[in-house]
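Structure first, commentary second.
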Amino acid sequence: MSETIQINPFGTTITPEEIIDTLSFFDGWEERYKYIIDLGKELPPMDDELKDDDHIVRGCQSQVWIDGVAIDGKLWFQVDSDAFIVKGLLGVVLAAYNGKSPADILAFDIEAYLDEIGLIKHLSPTRGNGLRSMVQKIKTLANS
């Protein structure tokens, strides 16, 4: 884990409840995907030196990197991807995990959250596996 991190709105002002509420306003998945992509655009840039083998997420068809730092007992994450939709998916995940204690991260029912959004069934199998790999990487960081 790195020593510094840029605090971002995910997990603080952008919460799972806000994402669920916002997605419920859209009629179709084309609009929902656009919103998810827009979430990814709100992620701060990740330091290039963190885009290495230690931070890469295995199991994603796109390149994805995740790093975290503990500040006052809470984990804050830096993330990036080379794909716009994946950056948005990272935003969806960070809304649940960013700024939380390791215990809260491990206790959060991410499957129920993703089911409520209806996300997994609207992703290709490879994107769904990638999303699960991102979640697992964060849980691994929370366990370390």
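Keep in mind that the numbers below use all heavy atoms, side chains included, and drop hydrogens, waters and symmetry copies.
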TODO: Check the pair Ile14, Leu94 against side chain to side chain contact (heavy atoms under 4.5 Å, CB included), reporting the backbone distance first and the verdict last.
DONE: CA-CA 9 Å; Ile14 299 174; Leu94 282 194; over 6 Å; no
Open item on the list: For Gly88 versus Leu39, what's the shortest heavy-atom pair and its separation?
Closed with: O-CB, 4.4 Å
- [ ] For Leu106, enumerate each residue passing the side-chain contact (heavy atoms from CB on, under 4.5 Å) test, keeping only those at least two apart in sequence or located in another chain.
- [x] Lys139, Ala142, Asn143
Task: Nearest non-hydrogen partners of Asp47 and Gln78, listed with the distance - done: N-OE1, 3.3 Å
Task: Expected output: side-chain Ser144 to main-chain Leu141 donor-acceptor under 3.5 Å - done: yes
N/O donor to acceptor pairs below 3.5 angstrom from side-chain atoms of residues 25-32, sequence neighbours left out:
unit_1: Trp29; atom_1: NE1; unit_2: His122; atom_2: ND1; d: 3.2
unit_1: Trp29; atom_1: NE1; unit_2: His122; atom_2: NE2; d: 3.0
unit_1: Glu31; atom_1: OE1; unit_2: Asp27; atom_2: N; d: 3.2
unit_1: Arg32; atom_1: NE; unit_2: Leu23; atom_2: O; d: 3.1
unit_1: Arg32; atom_1: NH2; unit_2: Phe26; atom_2: O; d: 2.9

Task: Pairwise distance CG(Asp109) to CD(Glu116) - rounded to 0.5 angstrom - done: 10.5 Å
Open item on the list: With a 6.0 Å cut-off on the ring centroids, do Phe77 and Tyr97 count as close?
Closed with: no
Open item on the list: So Phe10 and Val93, do their side chains get closer than 4.5 Å, heavy atoms only?
Closed with: no
- [ ] Find the distance between SG (Cys60) and CZ (Arg127) and round it off to the nearest 0.5 Å.
- [x] 9.0 Å
Task: Test side-chain contact (heavy atoms from CB on, under 4.5 Å) applied to Asp104 - qualifying residues, sequence neighbours left out - done: Lys100, Ser101
TODO: Could you pull out the closest heavy-atom pair between Pro16 and Phe108, with the gap in Å?
DONE: CG-CZ, 4.1 Å
Task: Minimum side-chain heavy-atom gap Leu119-Leu123 below 4.5 Å - done: yes
Using atom types as modelled, flag every donor-acceptor pair under 3.5 Å from a side chain in residues 80-87 to any protein atom, sequence neighbours excluded.
unit_1: Asp80; atom_1: OD1; unit_2: Lys87; atom_2: NZ; d: 3.3
unit_1: Asp80; atom_1: OD2; unit_2: Lys51; atom_2: NZ; d: 2.7
unit_1: Ser81; atom_1: OG; unit_2: Gln63; atom_2: O; d: 2.9
unit_1: Ser81; atom_1: OG; unit_2: Ala83; atom_2: N; d: 3.1
unit_1: Asp82; atom_1: OD1; unit_2: Gln63; atom_2: N; d: 2.9

Open item on the list: Distance check, rounded to the nearest 0.5 Å: Ile20 atom CD1 versus Leu114 atom CG?
Closed with: 9.0 Å
Task: Heavy-atom check, side chain of Asp53 versus side chain of Trp65, under 4.5 Å - done: no
- [ ] Would you check if the side chain of Thr22 reaches a backbone N or O of Glu18 as a donor-acceptor pair within less than 3.5 Å?
- [x] yes
Open item on the list: Using the side-chain contact (heavy atoms from CB on, under 4.5 Å) criterion, which residues pair with Lys41? Sequence neighbours excluded.
Closed with: Ile37, Asp38
Task: Note, Val64 side chain near Ile56 side chain (heavy atom, < 4.5 Å) - done: no
TODO: Could you tell me which non-hydrogen atom of Asp52 sits nearest to which non-hydrogen atom of His55, and how far apart they are?
DONE: OD1-ND1, 2.6 Å
Which pairs of donor and acceptor atoms, one on a side chain in residues 131-138, lie under 3.5 Å apart (sequence neighbours left out)?
unit_1: Arg132; atom_1: NH1; unit_2: Gly128; atom_2: O; d: 3.4
unit_1: Ser133; atom_1: OG; unit_2: Arg58; atom_2: O; d: 3.2
unit_1: Ser133; atom_1: OG; unit_2: Asn129; atom_2: O; d: 3.1
unit_1: Lys137; atom_1: NZ; unit_2: Asp54; atom_2: O; d: 3.0

